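Being a predicted model, the structure only gives us computed values, none of them experimental.
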Amino acid sequence: MHILILPGDGIGPEISAATRQVLEAADKAFSLNLSFEEMAIGFASLAEQGTTCPDGVLTRIPQVDGVILGPVSHYDYPPRDQGGINPSGELRVRFNLGANIRPCRSRPDLSILRKPMDLIIVRECTEGFYSDRNMHAGIPEFMPDPDTALSVRKISAQACRRVAHAAFRLAQGRRRKVAAVHKANVLKMSDGLFLREVRAVATHYPDVELEELIVDATAALLIRTPDRFDVIVTTNMFGDILSDEASELCGSLGLGGSINAGEDICVAQAQHGSAPDIAGRNVANPTSLILSAAMLLDWRGHRDDNVALIEAAAAIERAVDKVLDDPALRTADVGGQQGTDAFTRSVIAAL
C-alpha cells in the first residue's frame with residue numbers, strides 16, 4: 001500500500017510526521033508492505049509553485065493507494081485567482097469523495113456526557129452551503145449591493161444517494177440504525193430532496209431502521225441521550241457542526257478520526273484545524289490524524305479484502321486508547337504532560 005502524505009500548514013507537518021511513525025511501526029508489526037511519499041501543499045507549495053494545491057498533487061492522488069492530508073490554513077490563503085485553493089474542498093469535489101465519515105466515541109475521564117456516545121456521523125461534503133466547492137464554475141456567494149450578501153445552497157439527488165448508501169452500509173456492520181438529520185420544516189425543497197433520496201436508499205436496506213430528526217433537536221439529543229444514535233447521515237454544514245459538537249462532548253475535537261471516502265479514493269484528514277499558534281512547539285496532539293490514518297488502512301483493507309490492514313487499523317486504535325487511558329501520557333490539550341514526540345513514542349510502544 002503506497003500512501004501519499006500532504007503535510008499542510010501549521011501543526012500539519014508535525015502531526016503528519018507522528019502519523020507516519022505510527023504507520024511505520026504498524027508496518028513492521030503486521031508486515032503491511034507500506035511505502036510513503038510526501039508532496040507540498042498549502043503555504044509551502046504557494047511559495048514554491050504559486051498555488052496551495054498544485055496540479056502535480058492532483059495528478060498523483062489517483063495513482064496511489066491512499067492519502068493523508070494534514071490540516072490547512074485555507075482561511076488565510078489569498079484569493080483563488082492568486083493561487084489560494086482550499087486543498088480539502090478541492091480534493092473532495094475533484095475525486096467525488098462524497099462521504100466524510102467521522103466516528104465519535106466517548107472516552108473515560110475525558111467525556112462530559114452522562115451517558116456514553118458511540119456513533120458515526122456521515123456527512124455529505126461536496127455541496128451544501130460550502131461556496132468554495134458547490135458549483136461547477138464561480139462562487140455562489142455574491143453581494144448585489146454593499147450591505148447585502150447572498151449565498152446559494154446546492155443539494156443534488158446524486159450526492160444525497162451517495163452519502164446515504166455510505167451511511168446504511170456502515171450501519172449494517174453496527175447497530176443497524178440510521179438517523180437522517182435535516183431542516184425540511186424550513187428548507188422544504190433542498191432538505192426535502194435530501195429526505196426523498198435517503199428514504200429511497202433505505203428501501204435497499206430493510207434490515208436497517210431509519211429515523212428522521214430535525215437538526216436543532218439532534219444537537220440537543222446528542223447531549224441528553226447520545227446513546228440513542230448509531231449512524232447519523234446529513235448534509236454538509238449540518239454534519240460539520242454536529243460532528244464538532246459530538247467530538248467535543250466525547251473529550252476533544254483533537255481525538256476523533258475522519259476520512260473522506262469515494263469509490264476508489266480515500267483521504268485521511270484530522271477533524272481539527274492547523275493551529276498555527278502552536279506550530280513548531282512540539283505540543284500538538286496527533287491523535288486525530290493517527291486515528292484517521294487507521295481508518296484509511298481499514299477502508300483499504302475492506303476494499304481489497306486485506307485482513308492485515310484491517311487488523312493493523314484496529315491495533316492502532318487500541319494503542320491510542322491505551323495511551324489516552326493514562327492521564328500522564330496524554331498531551332497538554334487533554335490534561336496531560338507529554339509533547340507530540342513523546343505521545344507518539346507512547347503509542348508506538350503500546351502498538
Exercise for review: Could you pull out the closest heavy-atom pair between N134 and G128, with the gap in Å?
Suggested key: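 Looks like ND2-O, 2.7 Å.
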
Exercise for review: Kindly assign one of parallel, tilted or perpendicular to the pair Y205 and F168, based on the angle between their ring planes and the thresholds 30° and 60°.
Suggested key: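 Parallel.
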
Practice item. Name all residues meeting the side chain to side chain contact (heavy atoms under 4.5 Å, CB included) criterion together with D264; count only those two or more places apart in sequence or in a different chain, and write none if there are none. Key: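 By the side chain to side chain contact (heavy atoms under 4.5 Å, CB included) rule, D264 matches R303.
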
Test: [X] and [Y] ion pair at under 4.0 Å:
X: K28; Y: E24; result: no
X: R175; Y: D227; result: no
X: D244; Y: R102; result: yes
X: R162; Y: E263; result: no
X: R176; Y: D230; result: no

Could you verify whether a donor N or O on one side chain and an acceptor N or O on the other, from [X] and [Y], lie under 3.5 Å apart?
X: S35; Y: E37; result: no
X: S88; Y: N86; result: no
X: Q63; Y: R60; result: yes
X: Y77; Y: D9; result: yes
X: T126; Y: N96; result: no
X: S247; Y: Q271; result: yes
X: Q172; Y: D207; result: yes
X: S131; Y: S151; result: no

Practice item. Could you check L110, D325, V323, T287 and say which one makes a side chain to side chain contact (heavy atoms under 4.5 Å, CB included) with R330? Key: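 Testing each of L110, D325, V323, T287 against R330, the sole residue satisfying side chain to side chain contact (heavy atoms under 4.5 Å, CB included) is L110.
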
Counting only heavy atoms from other residues, nucleotides and ligands, does the tally under 6.0 Å from [atom1] of [X] exceed 12?
X: D277; atom1: CG; value: yes
X: Q337; atom1: CD; value: no
X: K177; atom1: NZ; value: yes
X: M143; atom1: CE; value: yes

Check your understanding: Side chain of S111, backbone of R107: donor and acceptor closer than 3.5 Å?
Key ->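 Answer holds: no.
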
Check your understanding: Do the side chain of T234 and the main chain of R123 share a donor and acceptor less than 3.5 angstrom apart?
Key ->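 Not a single qualifying donor-acceptor pair exists.
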
Exercise for review: Check step by step if side-chain contact (heavy atoms from CB on, under 4.5 Å) holds for M1 and D304.
Suggested key: CA-CA 10 Å; M1 180 177 180; D304 296 347; over 6 Å; no

Practice item. With side-chain contact (heavy atoms from CB on, under 4.5 Å) as the test, would you mind laying out the steps for T344 and V22 before giving the verdict? Key: CA-CA 7 Å; T344 304; V22 172; 4.0 Å; yes

Review point. Quick one: does F95's side chain get under 4.5 Å of I61's, heavy atoms only?
Key: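 SC-SC contact between F95 and I61 confirmed.
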
Review point. So do F129 and T235 actually touch side chain to side chain, heavy atoms under 4.5 Å?
Key: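 A side-chain contact under 4.5 Å is absent here.
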
Review point. Under the salt bridge (Lys or Arg N to Asp or Glu O under 4.0 Å) rule, what pairs show up with a residue in residues 210-226, not counting sequence neighbours?
Key: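 Only K183-D216, R199-E212, E211-R228 qualify under salt bridge (Lys or Arg N to Asp or Glu O under 4.0 Å).
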
